[in-house]
A.B. asks: 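Encoded as structure tokens, here's the structure I'll be asking about.
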Amino acid sequence: MADPNATYQDVQAVIIRFAGDSGDGMQLTGTQFTDTSAVYGNDISTFPDFPSEIRAPIGTLAGVSGFQINFSSEDILTPGDAPNVLVAMNPAALKANLDDLERGGTIILNTDAFTEGNLKKAGYHHNPLKDGTLSSYQLHEVPLTSLNRTALKEIGGLSSKEIDRCQNFFALGITFWLFDRPLNTSFKWIKEKFAKQPKIAQANQTALQAGYDYGNNVQIFQTRYHIKPAHLQPGGYRKITGNDALALGLVTAAQKAGKTLFYGSYPITPASDILHMLATLKHFDVRTFQAEDEISAIGAAIGAAFGGIFAVTGTSGPGIALKSEGINLAVMLELPLVIIDVQRGGPSTGLPTKTEQADLLQVMFGRHGESPVPIIAPATPSDCFNVAIEAFRLAVRAMTPVFILSDGYLANSTEPWLIPNPDDIPPIIIEHPTAPSTTEKFLPYKRIPETLGRSWSIPGTPGLEHRLGGLAKQPETGNVSYDPKDNEQMNRERADKVAKLADIIPEQTLIGPTSGKLLVVSWGSTYGSVRSAVKVLQAQGQTISHAHLRYLNPFPRNLPDLISGFEQVVVPEMNLGQMLFILRIHCKSHRNFIPISKLKGQPFTIKELVEKLGALLLVPQKVNGDNL
Amino acid sequence: MADPNATYQDVQAVIIRFAGDSGDGMQLTGTQFTDTSAVYGNDISTFPDFPSEIRAPIGTLAGVSGFQINFSSEDILTPGDAPNVLVAMNPAALKANLDDLERGGTIILNTDAFTEGNLKKAGYHHNPLKDGTLSSYQLHEVPLTSLNRTALKEIGGLSSKEIDRCQNFFALGITFWLFDRPLNTSFKWIKEKFAKQPKIAQANQTALQAGYDYGNNVQIFQTRYHIKPAHLQPGGYRKITGNDALALGLVTAAQKAGKTLFYGSYPITPASDILHMLATLKHFDVRTFQAEDEISAIGAAIGAAFGGIFAVTGTSGPGIALKSEGINLAVMLELPLVIIDVQRGGPSTGLPTKTEQADLLQVMFGRHGESPVPIIAPATPSDCFNVAIEAFRLAVRAMTPVFILSDGYLANSTEPWLIPNPDDIPPIIIEHPTAPSTTEKFLPYKRIPETLGRSWSIPGTPGLEHRLGGLAKQPETGNVSYDPKDNEQMNRERADKVAKLADIIPEQTLIGPTSGKLLVVSWGSTYGSVRSAVKVLQAQGQTISHAHLRYLNPFPRNLPDLISGFEQVVVPEMNLGQMLFILRIHCKSHRNFIPISKLKGQPFTIKELVEKLGALLLVPQKVNGDNL
Amino acid sequence: MSETVKLTRKDFVSDQMVRWCPGCGDYAILAQVQKVLPELGIPKEKFVMVSGIGCSSRFPYYMNTYGMHSIHGRAAPIATGLKIANPDLSVWVITGDGDALSIGGNHFIHLMRRNVDLNIILFNNRIYGLTKGQYSPTSPQGLKTKSSPMGSLEQPLNPIALAIGAEATFVARTVDTHLKHMGQVLLRAAAHKGTSFVEIYQNCVIFNDGTFEYATDPAKRVENTVELEHGKPLIFGKNRDKGIRLNGLEPEIVSLDTVEEKDLLVHNETASPSLAYLLSQMRYPQLPEPMGIFRCVEPPSYEKQIHDQVETAIGLKGKGDLHKLYYAIDTWEVPQKVEG
Amino acid sequence: MSETVKLTRKDFVSDQMVRWCPGCGDYAILAQVQKVLPELGIPKEKFVMVSGIGCSSRFPYYMNTYGMHSIHGRAAPIATGLKIANPDLSVWVITGDGDALSIGGNHFIHLMRRNVDLNIILFNNRIYGLTKGQYSPTSPQGLKTKSSPMGSLEQPLNPIALAIGAEATFVARTVDTHLKHMGQVLLRAAAHKGTSFVEIYQNCVIFNDGTFEYATDPAKRVENTVELEHGKPLIFGKNRDKGIRLNGLEPEIVSLDTVEEKDLLVHNETASPSLAYLLSQMRYPQLPEPMGIFRCVEPPSYEKQIHDQVETAIGLKGKGDLHKLYYAIDTWEVPQKVEG
Ligand SMILES: Cc1ncc(C[n+]2csc(CCOP(=O)(O)OP(=O)(O)O)c2C)c(N)n1
Ligand SMILES: Cc1ncc(C[n+]2csc(CCOP(=O)(O)OP(=O)(O)O)c2C)c(N)n1
Ligand code: SF4
Ligand code: SF4
Ligand SMILES: [Mg+2]
Ligand SMILES: [Mg+2]
């Protein structure tokens, strides 16, 4: 495959972004590039970025859809900051993405799309190809549309619409050549996808090959780049998004408990894909229920949990708001349940297709009365798998609803997942009570001393007939009680049993020295950028430590101690300081917390964190706690 | 009226509790006693206590309904701790209330009701009249039922059910005699109430008089008690509950702004009475809307606010949970709106007829995304009036929804209200924009520098056509914008405008020294007991200060400074420490916060606070902030 | 205990004190349910009562079965989830006019169209009892209540018509005072595979006493209601001397002295829903109100179809295997590194 | 500006870019609304468009009127509050099948029965567009979508039947491709005082293309739909040679060659709702689907009654006086203390 005309250059990592109209198939193109790179052995991380409209008018900025891939021969944790390469299918795609591109980066663009009309739609008053706008980039002008048409005209029997739809594969072919990727993964995919439309299959394959050959034959690229396979831990890998990982984790948890899985949900971006994935897994006895609204979804999950199966409900922030009364009922009933919040930009409808971490306080406190609920937050797309299983372990142990706090970034990003052996995953053991001895009265709310949970007694079991309800309760019997003492006792017991989960939650670890000037505390999806930024600073010889939280309620037992070893604690969050808020309460003796807030619907870049953390290392903050 | 056979004793204050079956008319009896005492000139404070069932089976503990009155010749702030006098209409009423009665207190009971059957229903295995249970009380056994029947038999034409229903007035007559109250207020009330049933009116009046005469003639009471009129501020007074005060305050706010008042609500205990009251005020152009659910109620309020009138929605905790998505929309639209949460015991259905303060964190944080909303909490039933007006002032200033955080105790308790002169209440001035100048484009989200609010432009105004929405916005124009910078800017502006309300919020005051060992910080309905307890301790010569918060978000500007003057800050709350939580964040430099928590569905008693605060004054807590 | 021990009414009485007002219609319904359930031949542990919030919704506490007193308006989705989890259970939804039709209206219509195999009993007292007497979605227009001192302005919902508008498969009506009729209707509801909706006219002695007197008082009932019987003409009256005839689409009262039985409207539970809808429009005082089963058809129930899809999927793909699942999309192997 | 300046379509076009997919049926509805509104003789500033969330709910942004793009399912209560606040406004609710009938179902039925003077346009595309293609409450049973890979199990809601079941006073149906008919229906909806409910069959080219082709394609439309006209018999077909006759309560297709016009079912917008319900049950492919106004009756609207009660109250008690209000219950005077 080596090409004598081009020189090769080995690089460690490349960030490439494909951008075009919503209808141009950019998500697909990006996915193909990812799959090929993954199978090739690179470490990968991807991030799609699409508008909340389905297909805004062709050629407009509003309609631009993008997909970014970071692929590398080293371990990577994020889809990368600034792309090195931008593939732009039209002027709007160029305009919407140019600012992000690294200075001196490579642009491949479809000149055929740079018509007067399209320039106008994109809001260009001058043609950027001609006015010097692009002078500081490596520009490759490709008449993609016409080249693709030429390449496909032989095939015959295709409408011109069908031919033009293959353009993206032509572009993909060019990038495959540029980065020396094999074509077979995509060939295989095309064959399977269009098994019933052989003409279309042929067209796409031809376009892909033609693009590749174009790279080979036309000497517009001086150099080809080579990114060696990464030294990943040995084993089987696949690509996974956070949403898929959640779905697989939930199914695994259920299987490991010998349980049916119930998923009740009302579609909402960016959580819907969990429903879509689970709906295809009916052969695992997964029962999905697309409810009429979020209130019904949580209600059905409560009913299913009462029925004795593994019940889950998933949504995003607006849906959590609607579910909060139901969640509170589950708290009161003490039924095990998993609630997924895939956070998006808020408040209100906000930025529905973008990411944010601003639901933390809502899931922690957004219910009337005292209503403690455990919360776990995955750190990466593949961590979603583990968190899903962990959530059920906690739920059945304490007989409580448990929150999983994911977000739009984790939901849609992909990374390679080291596939576990399902047999190595420990079972979840549940003992439902059976008919009581004749001498003892059955006490549905009797607490198990080790966990403070209660037993999970389920309808259909002879002799355990009992009634659950949302009214205040007598301890042990669970009978309605208006006795002031009973109410206080049950409130405290519910708080205690959640706090007691800390018994089985692993202690918090950190990387870097265990005490010193600066500790960075992060949680959720910011893991990748924060860890990367800390690594950069550590590599520069800076003294800085990083603790990433997965358990947000209760916190690991050792957290206050761990934090107390540092002069300053910095908390980067995609909100206005919500975790910092909770840490301040929980780690009362520590006073110098510093927020780094971002509310832009976008993840942190490594660069901005390196800068902000670097600045803090230079200028220590006053130790007076006045930094919020 | 003086009775030669009895001796008189002057006392400062008496606490009396009437208790009977839900159908016995105890709420009415208590109210009559209250009215008479109020008109007589005592300071009063009352607290009803009823089951969440409408009329549980006769004679059972579940069906007992009680009403407590504290009446005094001095200033009082609570309905009192332990009653001095208990009027018990049946064994269940005795059993349910005896524990609360002060040692040595007076019991008046209806011996006719102490039948075998009733004793059993109440769960008495022995007759408490005979087994010494009541030996440490001053017991007055009255065959109330038969006496009442005898008294009424002359009237004729009454069913025995109708006759027995007058029993409560007989009992009331006895207490009127015992405390030397005039009968005329009740006579008048009976006459008006039963204007269309003269026989019933006559029967009740006869029963009342007969009870009074019974006290006079039968020498079971050694002493009559005399409670002089209190030295209240001069002026016109009436009795008021918190719910009525809210209703009157809302109407007043609307009138003072020249606005129609809209109230959208779905009935829920203990908020429903606001709806009931406002529904009778249509002649103030009050438009009430009983919605199909809470979501509809907040929706309609948003619509009404958009329409340019004063919009309010009221509910309790479970309703707030359901409204949170709507509230978040109002935050995003930036429309002025008042949301009332009359808190009750939670979580879930909890203790619906009891009181609690555990929705604070919910109203503060229970929405997805960053969603700041101002919160005010009334201190007393009559303070609800002022808070309602204040809420609208804040809402229209910052163009934001505003929470009023009341509770079940304030809602139903009564106290005398010094009736203001409506003309003395300052107007609320609102300038809706009219057609813009032809040169300038109308900018619906342009901020007013002084307040950071926007203008309230309303449909129907020519030339100002614009669209509001829940999606992220461009500053000033309010157009949909997915631009990351716009989103961050608008989020910060919304936070800033709420914070800026502190400009017009009065500085926090306290009673007691401005620095020292112990500051008590309270909020909401605990005002009365906390202030009373602090007074008791101060009278004992202890050094203790008290600050009561009405503005919970934003806090008064000087709060951190004020708090920093004290070694320990104690926060008594009817929850597990929610205000303490927020204070800890807001007053970061203070470390020694101490909670006093109660989750019993009942207000604090003065006694328990005196004990707990007293203990803290003796044994100072370690200054390490580990007290939560 | 799951052997077929003969159950009796007593087996269904819980140890909790019943706390409704003396004289409340709810008592009769409780008694009748406790009488009917033992007749169904279903082991006691299979029954689950799920309710929302309201006076009526306290029902589960009084039944010695599994039960849940949930939150206002949400019994339907909770029962749906429960039935999906365990289709073996006999699940009963207990609700009020406010619970089912006001806050719970959305779940109500979606339950109807989904046709989950549940039995719903709606205690219609045309008032909010538990919150002390506000008008409800079934209160007659003009009703003066605490929240409508000048009279309610809203056109009431007709629960039967709404259910039929929402594709209900079993719709029936009965009254709290007519025990025999109630028992028969409940038996039919229990037998129906799919959502059985039963409206019961229930008297609230405290806040809306006598609202249905025309239909509950035995003497008035015979004149003001007509019992629906499948395949039989609509005949009513103390002397069964009056009938209902269709005039176009308008039902009218005719005397059997002048009109023959064969010309009367004949009831058909399985006819197009247009008949059931038309019957729902017969309202007092213009016409006698139909009692009994308006409609009963049996398309497959929702949870059965879910289970069928699970079976089909297993048939097609085999029982789920986690290993296969993880490897279901393109995977690649990173080989053991050979250090050297 | 509130003088009667003649408004045109252009006056109603906002400066925001329309962002629906190319070919989406929503464009035609937008254009038609922009055409109809200027014909109503209402000043532009009096129009308010209120929507929920969905593709269709982006509508208000594209109208140069007052508007609100609110939250999912809640446009109805918001519009209700707005109309109560200011009955002078002409308020239009724009909603989708998911927005109105799934999450918004409860508000939908209560709006119908309250009869607030609003105009609702439901864009029925039988799919959730904005969330990328899950089945909706109007999706046909068996539809394979992202969330129903083996086919949807749910009996769809019939929006017209549901509205009629919920006491609607104005119910109509039209299709996105039949501009003239849509225009007429919208004019009638605007004229109706009370809640006007208009279902529009709308094509989603991306996720459910062609779902209503039988009714939207002009050639097929004439065979598969029948236009309702008040007082006229139901006749359809390219050659207008077929009619609908009632067989008992069952509509059937008859040929006008063999059956006389006078024996056909005659439409009556103001008849008992049983007729409207019956018409709602005529579904493709068995029968032609009725288009046009199913029902139109005019009881007083809700907000009007609210205002009437306010007027009556003022008449009875006089315009509210705060002083009097504060003193409305027993009060007492504490006299000025005379220090001595
Ligand atoms: C979310 C919520 N809103 C409101 C309430 C208050 N609430 C309790 S029961 C009820 C209505 C009861 O009426 P209905 O369903 O007819 O039952 P009934 O008491 O008449 O049997 C209301 C409004 C509540 N418990 N929860
Ligand atoms: C509370 C809430 N739940 C879910 C969503 C996600 N959501 C947005 S639009 C929509 C359905 C849209 O379907 P429809 O109303 O038919 O409108 P269409 O897009 O088809 O025009 C859903 C589920 C949301 N925005 N808010
Ligand atoms: S209030 Fe009415 S419905 Fe409720 S228990 Fe009493 S009588 Fe029955
Ligand atoms: S997804 Fe469908 S409904 Fe939405 S804009 Fe596109 S074509 Fe229209
Ligand atoms: Mg009711
Ligand atoms: Mg749709």
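Per chain, numbering begins at 1; letters A, B, ... match sequence-line order.
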A.B. asks: Give, as side chain, backbone, both or neither, the part of D/Ala313 having an atom under 4.5 angstrom from any heavy atom of chain C.
C.D. replies: both
A.B. asks: Spell out the residues in residues 291-308 of chain D that have some non-hydrogen atom less than 4.5 Å away from a non-hydrogen atom of chain C, in order of number; otherwise answer 'none'.
C.D. replies: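 Within residues 291-308 of chain D, near chain C: D/Tyr302, D/Gln305, D/Ile306.
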A.B. asks: Looking only at heavy atoms and a cut-off of under 4.5 Å, which of C/Ile103, C/Thr312, C/Leu162 has the most pairs with chain D?
C.D. replies: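 Option with the greatest count: C/Leu162.
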A.B. asks: What I'd like to find out is whether the side chain of D/Leu278 reaches to under 4.5 Å of the side chain of C/Tyr277, using heavy atoms alone.
C.D. replies: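 No; the side chains remain at least 4.5 Å from each other.
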A.B. asks: Under a 4.5 Å cutoff for heavy-atom pairs, which residue among D/Gly248, D/Gly104, D/Ala161 has the most contacts with chain C?
C.D. replies: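 Most heavy-atom pairs within the cutoff with chain C belong to D/Ala161.
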A.B. asks: Without swapping roles, check the side chain of C/His110 against the backbone of D/Leu101 for a donor-acceptor pair under 3.5 Å.
C.D. replies: yes
A.B. asks: Against chain C, label D/Gln309 side chain, backbone, both or neither, depending on which of its atoms sit under 4.5 Å from a heavy atom there.
C.D. replies: both
A.B. asks: Got a second to check how far C/Met150's CE is from D/Leu316's CG, nearest 0.5 Å?
C.D. replies: 6.0 Å
A.B. asks: A quick test of your reading: do over 12 heavy atoms of other residues, nucleotides or ligands sit less than 6.0 Å from CD of C/Glu260?
C.D. replies: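 Result for CD/C/Glu260: open.
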A.B. asks: Should the heavy atoms of other residues, nucleotides or ligands under 6.0 Å from CD of C/Gln141 be counted, would the total exceed 12?
C.D. replies: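 Above 12, so yes.
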A.B. asks: D/Arg114 versus chain C, heavy atoms under 4.5 Å apart: side chain, backbone, both or neither?
C.D. replies: side chain
A.B. asks: If you tally heavy-atom pairs under 4.5 Å against chain C, which of D/Ser280, D/Ser272, D/Gly105, D/Pro273 wins?
C.D. replies: D/Pro273
A.B. asks: Identify which part of D/Asn115 has an atom lying under 4.5 Å from any heavy atom of chain C, answering side chain, backbone, both or neither.
C.D. replies: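 Neither part, no heavy atoms under 4.5 Å.
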A.B. asks: Could you give the distance from CD (C/Gln155) to OG1 (D/Thr169), rounded to the nearest 0.5 Å?
C.D. replies: 9.5 Å
A.B. asks: Is any side-chain heavy atom of D/Leu246 less than 4.5 Å from a side-chain heavy atom of C/Leu249?
C.D. replies: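 In short, these two side chains touch, coming nearer than 4.5 Å.
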A.B. asks: Using atom types as modelled and distance alone, determine if a side-chain donor or acceptor of D/Asn158 lies under 3.5 Å from a backbone N or O of C/Ala166.
C.D. replies: no
A.B. asks: Among all residues two or more places apart in sequence or in another chain, which pass the side-chain hydrogen bond (donor to acceptor under 3.5 Å, both in side chains) test with C/Asn268?
C.D. replies: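 C/Asn268 satisfies side-chain hydrogen bond (donor to acceptor under 3.5 Å, both in side chains) with C/Thr270 only.
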A.B. asks: Heavy-atom pairs under 4.5 Å with chain C are the metric here; pick the option from D/Pro156, D/Ala271, D/Gly165 that has the most.
C.D. replies: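 Heavy-atom pair counts peak at D/Gly165.
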